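Since the structure comes first, as structure tokens, the remarks are kept for the end.
Worth saying up front: this structure is predicted, and the values here are computed from it rather than measured. For the single chain, residues carry numbers from 1 onward in sequence order.
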Amino acid sequence: MKQRTSNKLFQSELVKEALKDSFTKLNPAKMFRNPVMFTVWIGTLVMIGVCIWIAAGEQSQGNLTYNIIVTAVLFVTLLFANFAEAIAEARGKAQANSLRKTREETPAKLLQQVGEVFMNEIKIIPSSYLKKGDVFICEAGDIIPSDGEIIEGLATIDESAITGESAPVIREAGGDKSSVTGGTKVLSDKIKVKVTTEQGESFLDKMIALVEGASRQKTPNEIALTILLAGFTLVFIIVTVTLKPFGDYAQTPITIAAFISLFVCLIPTTIGGLLSAIGIAGMDRALRANVITKSGKAVETAGDIDVLLLDKTGTITIGNRKATNFYPAHGVNEAHFIKSVVLSSLADETPEGKSIIELAAIDINNFKLNRPKFIKFTAETRSSGIDVDNTRIRKGAADAIRQLCEKNGNAFPDETGKIVKGISSNGGTPLVVSENEKVIGVIELQDIIKPGIQERFQRLRKMGIKTVMVTGDNPLTAKYIAEKAGVDDFIAEAKPEDKMNYIRKEQKEGRLVAMMGDGTNDAPALAQADVGVAMNSGTQAAKEAGNMVDLDNDPTKLIEVVEIGKQLLMTRGTLTTFSIANDVAKYFAIVPALFITSIPALQALNIMKLHSPQSAILSAVIFNAIIIPLLIPLALKGVAYKPIGASALLRRNLFIYGVGGVIVPFIGIKLIDVLVALFI
């Protein structure tokens, strides 16, 4: 997959833009949205006032130079926190600029319309003038001016401007591969497209708005964590204020700089400064995987899912099932059966339907049909066919044809039942063919399980996720494929309502469910699922129902989305653990330093053997500032995820980031103290 932008974290252009935004984000209206950093902002303003007060002659607040240094470090802390958010946003804006180039003004060949009738006359208009319901024509070499559904024709489309993939794809009218996206290019043939979006609401417009992050809403987990951090901040305000009477009692003067330094070091400034960057970077990682998420909540929810519904065809199996054998029923002429099979497949544009005609090796141009009526496949009837010359030919699932025949008083042959069972037992798909509601034979379709899919399901199982295969096949075929692929459960002969019912059942039991789909019949289930991933090549209904769209049209991408979601949650959790663990070392640095002169016994708590009260406070404040930019790469890239189970992950991260969050500040503050002592 080609990336639209570089994977380099700190490109010079992005860094320059982020540095500029770091200063504009000092606006109090913007700072107020982050309670933790807003209190640091207030503390910085107070310190500026203290410096002015000392310059005016105040003697009780210590040395002016020392106070100026503390003020500068607090200011830099704010800039570092703003830079973390700004660099994450800048990466998204860079992608938006790349996408915006594909939305340049393109001419549209609009079909003129009189009432409900479209004329053959074409009018060239700017693409921005197109509105929902308009129909335009695209030929080889044309840029598709707007999102739409192909209503006539077939064409090869270059979607590299959207997906980054250089290989062209085929889009055609009817079925689930009829959707086209504005900004892509027609390479061959001619198509007639109906616009499906209003002006300014195209898929490309939504992508640009999303990656720019202009309207990014905080997710429920992010809001909950923000409230928790605000609570910690309030607690430490109370802790800091109560030190004043203790200081008076011990006859120890504590400067305003010391109070503010203690407060800023004890509140979770590290996670407070990185929280927004983590959320933005999570959506950014999804986009770099060529998945457009309509909200950050969808990415987070993906990290918590318990059940994953996957279509068999195209996901677990290769997808293009082919006809491999014809089995005429007892007493039915083979040539007649093959001709009936071909007739039933004339209007079947699916790969299976085309393979049936290919296997039959009959020249369909020799057929002379008198006013044929083609019967399209539906999820309800689970059959298709043709009515011609008083003959009704149907092909479909065995139970559907059985019901059709028995309903009209015709028995379903035992011999045919055995053939169906044999094909199903071998992992094939049997299609039974009837003529005038009498069984005349069976078509065998075979599919191939994708290589490496078993390993993917094992990874999901290690994550604690239950995999469910959804298929229209009969239970025998479904069971064979499920066992061979290694899924945990399957839904056979699935109708749209079966998917919905399964999802609702799991949700009622407290589980989060994810699903992927590309057809209009998948739309209800995509909307019901907690995470719904629609294929970009799928229908407009599917893309509108899901809360994610996979630009690569890779049905197994949902597995990657799950890992991205888990990585986002892990990154936020581990950095929160690290930030709170930091407070232990800062406590041992600052609190003993405040009272060590008046209460010598507190010297035992000075386990880092810091040089002086002033150097101790300054070292803690400096470490508190520089740890934010040092953790920015981790916030943007995310914590490395391994599918080893929730409890094992928790132990691993508590050890690395919990214990590490205690040890690292001890080392860092001590090293900074050694350097600071040289200048104080």
Side-chain angles (χ1 to χ4, degrees), residues 152-156 170 172-177 188-189 313 317-378 381-398 400-402 404-405 408 410 412-413 415-420 422-424 426-448 472-474 477:
E152 185 179 307
L154 172 150
T156 306
I170 294 175
E172 56 186 325
D176 294 337
K177 304 291 182 183
S188 68
D189 301 294
T313 306
T317 59
I318 296 297
N320 293 336
R321 293 180 298 181
K322 288 191 173 183
T324 55
N325 283 296
F326 294 141
Y327 300 95
H330 181 69
V332 176
N333 179 271
E334 183 177 6
H336 175 74
F337 173 65
I338 292 175
K339 181 180 178 181
S340 299
V341 163
V342 171
L343 285 172
S344 72
S345 303
L346 286 176
D348 189 345
E349 293 296 324
T350 65
E352 292 88 347
K354 293 175 181 177
S355 75
I356 290 171
I357 294 176
E358 184 181 337
L359 180 64
I362 292 179
D363 186 0
I364 60 176
N365 293 319
N366 294 330
F367 286 3
K368 294 181 180 179
L369 305 178
N370 181 28
R371 301 175 67 180
K373 179 183 178 183
F374 295 107
I375 311 300
K376 290 186 177 182
F377 176 88
T378 67
T381 63
R382 297 172 61 229
S383 64
S384 61
I386 186 174
D387 291 348
V388 59
D389 296 330
N390 297 319
T391 302
R392 298 174 300 281
I393 303 173
R394 298 289 183 272
K395 75 171 191 294
I401 300 300
R402 178 191 291 271
L404 178 67
C405 294
N408 288 273
N410 298 314
F412 192 87
E415 181 188 347
T416 301
K418 291 177 182 178
I419 294 173
V420 167
I423 294 172
S424 300
N426 291 323
T429 301
L431 291 180
V432 179
V433 183
S434 69
E435 183 179 295
N436 294 332
E437 293 75 48
K438 292 182 180 180
V439 173
I440 60 172
V442 183
I443 306 167
E444 179 179 3
L445 302 176
Q446 284 291 342
D447 207 345
I448 302 169
D473 291 337
N474 62 71
T477 302

In terms of heavy-atom contacts, Ser345 and Ile357 come closest through O-CD1, 3.6 Å
Closest non-hydrogen atoms of Ile443 and Phe337, given as atom of the first, atom of the second and distance, are CG1-CZ, 4.5 Å
CD of Glu352 to CG of Leu445, rounded to nearest 0.5 Å, is 6.5 Å
If you count the non-hydrogen atoms of other residues, nucleotides and ligands that lie under 6.0 Å from NZ in Lys339, is the total more than 12? no
Nearest heavy-atom approach of Leu154 to Asp189 is O-CB, 3.0 Å
Taken in chain and number order and not counting sequence neighbours, the residues that satisfy side chain to side chain donor-acceptor pair (under 3.5 Å) with Thr416 are none
Between Ser344 and the options Ile375, Leu431, Ile393, Ile356, the side-chain contact (heavy atoms from CB on, under 4.5 Å) test singles out Ile393
| field | Pro430 and Ile419, any side-chain heavy atoms less than 4.5 Å apart | value | no
Note to self: Heavy-atom count check: over 12 atoms from other residues, nucleotides or ligands less than 6.0 Å from Asn390 CG?
What the structure shows: no
Across all chains, not counting sequence neighbours, the side chain to side chain donor-acceptor pair (under 3.5 Å) partners of Thr324 are none
Residues Phe412 and Ala398: closest non-hydrogen pair is CE1-O, 3.9 Å
Note: Arg382 and Ala400 closest approach over all heavy atoms is O-CB, 4.0 Å
- Query: For Ser434 and Leu404, what are the C-alpha separation, side-chain angles and deciding distance, and is it a side chain to side chain contact (heavy atoms under 4.5 Å, CB included)?
  - Reply: CA-CA 9 Å; Ser434 69; Leu404 178 67; 4.0 Å; yes
Closest heavy-atom pair, Leu359 versus Asn325, reported as atoms and distance to 0.1 Å, is CD2-N, 3.7 Å
Given 3.5 Å as the limit, does a donor-acceptor pair link the side chain of Asn333 with the main chain of Ala335, or not? yes
query = Does a side-chain heavy-atom distance below 4.5 Å link Glu334 with Phe326?
reply = no
*asked:* So Lys395 and Ser384, do their side chains get closer than 4.5 Å, heavy atoms only?
replied: yes
Applying side chain to side chain donor-acceptor pair (under 3.5 Å) to Thr156 and not counting sequence neighbours gives Ser188
(message) Using a strict threshold of under 4.0 Å (side-chain N to carboxylate O), is an ion pair present between Asp387 and Arg394?
(response) yes
Checklist entry - Hey, does Asp348 have a side-chain heavy atom less than 4.5 Å from the side chain of Phe377? => result no
CD (Glu437) and CG (Asn410) are apart, to the nearest 0.5 Å, by 7.0 Å
